[in-house]
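Here's the structure, in structure tokens; my notes come after.
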Amino acid sequence: MKQVNGERLLASLGEGVKDIRGRLTPDAPMDKVTWFQAGGLAELMFQPHDVDDLVTFLKLLPEDVPLTVVGVGSNLLVRDGGIAGVVLRLSAKGFGQVELVGENRIKAGAICPDKHVAAMAMDNGIGGFAFYYGIPGSIGGALRMNAGANGTETKDRVVEVHAVDRKGNVHVLSNADMGYSYRHSSAPSDLIFTHAVFEGYPDDRAKIRAEMDAVRQHRETVQPVKEKTGGSTFKNPEGHSAWKVIDEAGCRGLMNGGAQMSALHCNFMINIGHASGYDLEYLGEMVRQRVFEDHGIKLEWEIKRLGVFMPGREVRPFQGVTTE
Ligand SMILES: Cc1cc2nc3c(=O)[nH]c(=O)nc-3n(C[C@H](O)[C@H](O)[C@H](O)COP(=O)(O)OP(=O)(O)OC[C@H]3O[C@@H](n4cnc5c(N)ncnc54)[C@H](O)[C@@H]3O)c2cc1C
């Protein structure tokens with residue numbers, strides 16, 4: 001069932017769209033964007049050509065039209081009813097560059113893969129970025145999620161972040177302005193990060209290379225990296241590992257429709273065939289319920305859930321588990 005009408009939204013923007021240089025796609029399938037390969041349609045997807053194009057579009061877009069920014073979709077669960085309004089996906093051409101901008105400093109566009117930043121750092125003998133080698137997201141996603149691994153987080157490397165707000169005004173944020181905590185930034189939720197400057201420290205290239213190899217090897221052994229997944233489903237609860245409490249609650253390998261808690265790493269949900277957004281989210285809530293009953297712990301979703309449910313296929317948080 002079709003839940004959105006992108007052609008109508010596009011037409012409502014009027015003549016101003018002629019000035020837009022980026023790509024506008026009505027009814028864009030989000031299963032082509034998310035790592036889960038599941039979910040409904042984006043009413044209208046916009047891929048700006050560059051920052052100026054983004055600003056032009058934002059000034060054109062009526063304030064009451066919802067706007068959702070996505071990166072490369074490695075942490076997203078999109079519901080089957082789709083996403084109303086505009087989904088913004090930065091273009092690699094305008095926002096994918098990575099360059100050195102001073103001693104031990106790297107500037108990266110928001111859609112640049114984290115991996116490219118790690119590789120640039122290694123090539124130039126800059127330490128502190130090997131953790132990005134194992135995270136499959138983009139810099140924009142890393143800035144918003146405070147992505148981290150192997151004892152380092154994005155907040156440890158960020159110097160300044162450039163962003164555009166919903167009205168098209170440009171902002172520059174310091175590390176402190178980003179308000180970082182575990183897998184979270186309290187920077188205003190309407191900000192679209194466009195690029196950021198990071199700083200590392202001088203280090204030996206061979207040592208960095210070895211660290212990156214170790215990161216890759218470890219991942220391939222303990223995570224279902226070749227599956228359709230969204231990474232860690234739940235944040236680690238205070239004083240616990242999410243995977244451990246999920247395992248102890250008997251949820252390793254638990255299935256719902258085409259969705260499964262990975263047998264390899266049971267805090268990773270995987271789409272084992274044709275999982276819908278409903279299958280995945282319902283499975284997640286089953287796990288929250290079981291962990292709550294078993295440990296009294298309320299797991300908090302790390303994965304971002306976007307969009308609306310298909311009518312009749314709503315997933316309600318299970319009893320006893322509060323919503324965020
Ligand atoms: C196999 C696998 C392993 C993973 N391992 C890790 C790990 O070790 N550590 C870790 O932290 N994460 C991990 N993840 C999760 C994920 O890769 C990170 O959260 C990543 O930072 C998300 O980036 P993304 O580009 O995919 O963002 P998306 O999933 O597309 O979006 C995530 C959030 O970021 C926001 N966002 C994206 N771009 C922008 C932007 N330009 N401006 C403003 N907001 C934006 C979105 O609105 C959304 O709220 C893993 C995922 C997978 C699939």
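A quick note: this is a predicted structure, and the numbers were derived from the prediction, not measured. Start at 1 with the first residue, then count along the sequence.
With ring centers used as reference points, Phe309 lies 6.0 Å or more from Tyr278.
When side chains are defined from C-beta on, Val86 does not count as touching Met45, because their heavy atoms never get closer than 4.5 Å. In this structure, Glu160 and Leu173 have side chains that are not in contact, with every pair of non-hydrogen atoms separated by 4.5 Å or more. Looking only at side-chain heavy atoms (C-beta outward), Ile246 and Val291 come within less than 4.5 Å of each other. Side-chain contact between Phe268 and Met261 is absent, with no heavy atoms from C-beta onward closer than 4.5 Å. A heavy-atom distance below 4.5 Å is not found between the side chains of Asn271 and Thr229. Residues Val308 and Ile83 fail the side-chain proximity criterion, which asks for heavy atoms closer than 4.5 Å. The shortest side-chain heavy-atom distance between Leu61 and Arg166 falls under the 4.5 Å cut-off. Val245 places none of its side-chain heavy atoms less than 4.5 Å from the side chain of Phe234.
For Glu103, the CD atom sits in a loose shell: 12 or fewer heavy atoms of surrounding residues, nucleotides or ligands are nearer than 6.0 Å. Counting non-hydrogen atoms of neighbouring residues, nucleotides and ligands closer than 6.0 angstrom, the CZ atom of Phe131 exceeds 12 such neighbours. Dense packing is recorded around CZ of Arg21, with more than 12 heavy atoms of other residues, nucleotides or ligands lying under 6.0 Å away.
Panel note: side chain Ser186, backbone Gly179; a donor-acceptor pair is recorded below 3.5 Å. Under the 3.5 Å distance criterion, the side-chain polar atoms of Ser91 are left unmatched by any main-chain donor or acceptor of Gln47. A donor-acceptor distance shorter than 3.5 angstrom exists from the side chain of Thr233 to the backbone of Met269, with no hydrogens or angles considered. Checked by atom type and distance alone, the side chain of Asp203 never pairs as donor or acceptor with a backbone atom of Ile126 at under 3.5 Å. Of the possible polar contacts, none joining the Asp114 side chain to the Pro136 backbone as a donor-acceptor pair under 3.5 Å is found. No donor-acceptor pair closer than 3.5 Å links the side chain of Asn75 to the backbone N or O of Gly141. Without hydrogens or angle criteria, Asn150 side chain to Ala130 main chain gives no donor-acceptor distance under 3.5 Å. Side chain of Thr194 to main chain of His162: a donor-acceptor pair is present (N/O by atom type, distance under 3.5 Å, no hydrogens or angles). Checking side-chain atoms of Asp156 against main-chain N and O of Thr152 turns up no donor-acceptor pair under 3.5 Å. Here the side chain of Arg183 pairs no donor or acceptor atom with the backbone of Met145 at under 3.5 angstrom.
Among all heavy-atom pairs drawn from Met30 and Val70, the shortest one is CE-CG1, 4.3 Å. Here the closest non-hydrogen pair linking Phe95 and Pro48 is CE1-O, 3.6 Å. Between Ala38 and Gly277, the closest heavy-atom pair is CB-N, 4.2 Å. The shortest heavy-atom contact between Thr68 and Leu306 is CG2-CD1, 3.8 Å. Contact record, Leu283 with Ala259: CD2-C, 3.6 Å, taken as the closest heavy-atom pair. Looking at every heavy atom in both residues, Asn169 comes nearest to Lys59 through OD1-NZ, 4.4 Å.
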Exercise. Could you go step by step and tell me if Leu76 and Ile303 meet the side-chain contact (heavy atoms from CB on, under 4.5 Å) rule?
Worked result: CA-CA 6 Å; Leu76 297 182; Ile303 285 177; 5.9 Å; no
Problem set entry | Stepwise side-chain contact (heavy atoms from CB on, under 4.5 Å) test for Leu24 and Val17 | CA-CA 9 Å; Leu24 284 156; Val17 289; 4.2 Å; yes
Exercise. Run the salt bridge (Lys or Arg N to Asp or Glu O under 4.0 Å) check on Arg290 and Glu293 step by step: do they pass?
Worked result: CA-CA 5 Å; Arg290 291 192 187 188; Glu293 284 166 2; over 6 Å; no
For this session: Apply salt bridge (Lys or Arg N to Asp or Glu O under 4.0 Å) to Lys235 and Glu300, showing your working.
Result: CA-CA 6 Å; Lys235 296 183 183 186; Glu300 194 185 328; 3.4 Å; yes
Exercise. Where do Ser185 and Leu143 land on the side-chain contact (heavy atoms from CB on, under 4.5 Å) test, with the steps shown first?
Worked result: CA-CA 8 Å; Ser185 159; Leu143 292 169; over 6 Å; no
For this session: Kindly determine whether Met286 and Asn256 satisfy side-chain contact (heavy atoms from CB on, under 4.5 Å), including the steps that lead there.
Result: CA-CA 9 Å; Met286 280 166 76; Asn256 178 55; 4.1 Å; yes
Exercise. Going through the checks in order, is the side-chain hydrogen bond (donor to acceptor under 3.5 Å, both in side chains) test met by Trp301 and Glu285?
Worked result: CA-CA 9 Å; Trp301 286 89; Glu285 290 298 338; 3.0 Å; yes
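Salt bridge annotation for Lys244-Asp247: absent, with no cationic side-chain nitrogen under 4.0 angstrom from a carboxylate oxygen. Look at Arg157 and Glu199 and you find no salt bridge, because none of the NZ, NE, NH1 or NH2 atoms lies under 4.0 Å from a carboxylate O.
In the model, Ser174 has a side-chain atom that pairs as donor or acceptor with a side-chain atom of Asp177 under 3.5 Å. At a cut-off of 3.5 Å, with distance as the only test, no side-chain donor of Trp243 or Glu248 sits close to an acceptor on the other residue.
Val164 and Val161 fall into different hydrophobic clusters, where Ile, Leu, Val, Met, Phe, Trp and Tyr side chains are chained together by heavy-atom contacts under 4.5 Å. Note on Val69: it clusters hydrophobically with Val65, by side-chain heavy-atom contacts below 4.5 Å among ILVMFWY residues. In terms of hydrophobic clustering, with Ile, Leu, Val, Met, Phe, Trp and Tyr side chains grouped at heavy-atom distances under 4.5 Å, Val87 and Val33 are assigned to a common cluster. No continuous path of ILVMFWY side-chain contacts below 4.5 Å connects Met178 to Val170, so the two sit in separate hydrophobic clusters. There is no path of hydrophobic side-chain contacts, each under 4.5 Å, that joins Val197 to Val158.
The CD atom of Gln260 lies 5.0 Å from the CE atom of Met255; values are rounded to the nearest 0.5 Å. For the atom pair CG of Asp19 and CG of Leu60, the computed distance is 8.0 Å after rounding to the nearest 0.5 Å. Atom CG of Leu9 and atom CD of Glu7 lie 10.0 Å apart (nearest 0.5 Å). Atom OG of Ser276 is separated from atom CE of Met310 by 9.0 Å, given to the nearest 0.5 angstrom. For the atom pair Thr154 OG1 and Tyr132 OH, the distance stands at 3.0 Å (nearest 0.5 Å). Residue Arg8 holds its CZ atom at 13.0 Å from CG of Leu44, rounded to the nearest 0.5 Å.
In this structure, Lys115 forms a cation-pi arrangement with Tyr133, its terminal cationic atom sitting closer than 6.0 Å to the ring centre and no more than 45° off the ring axis.
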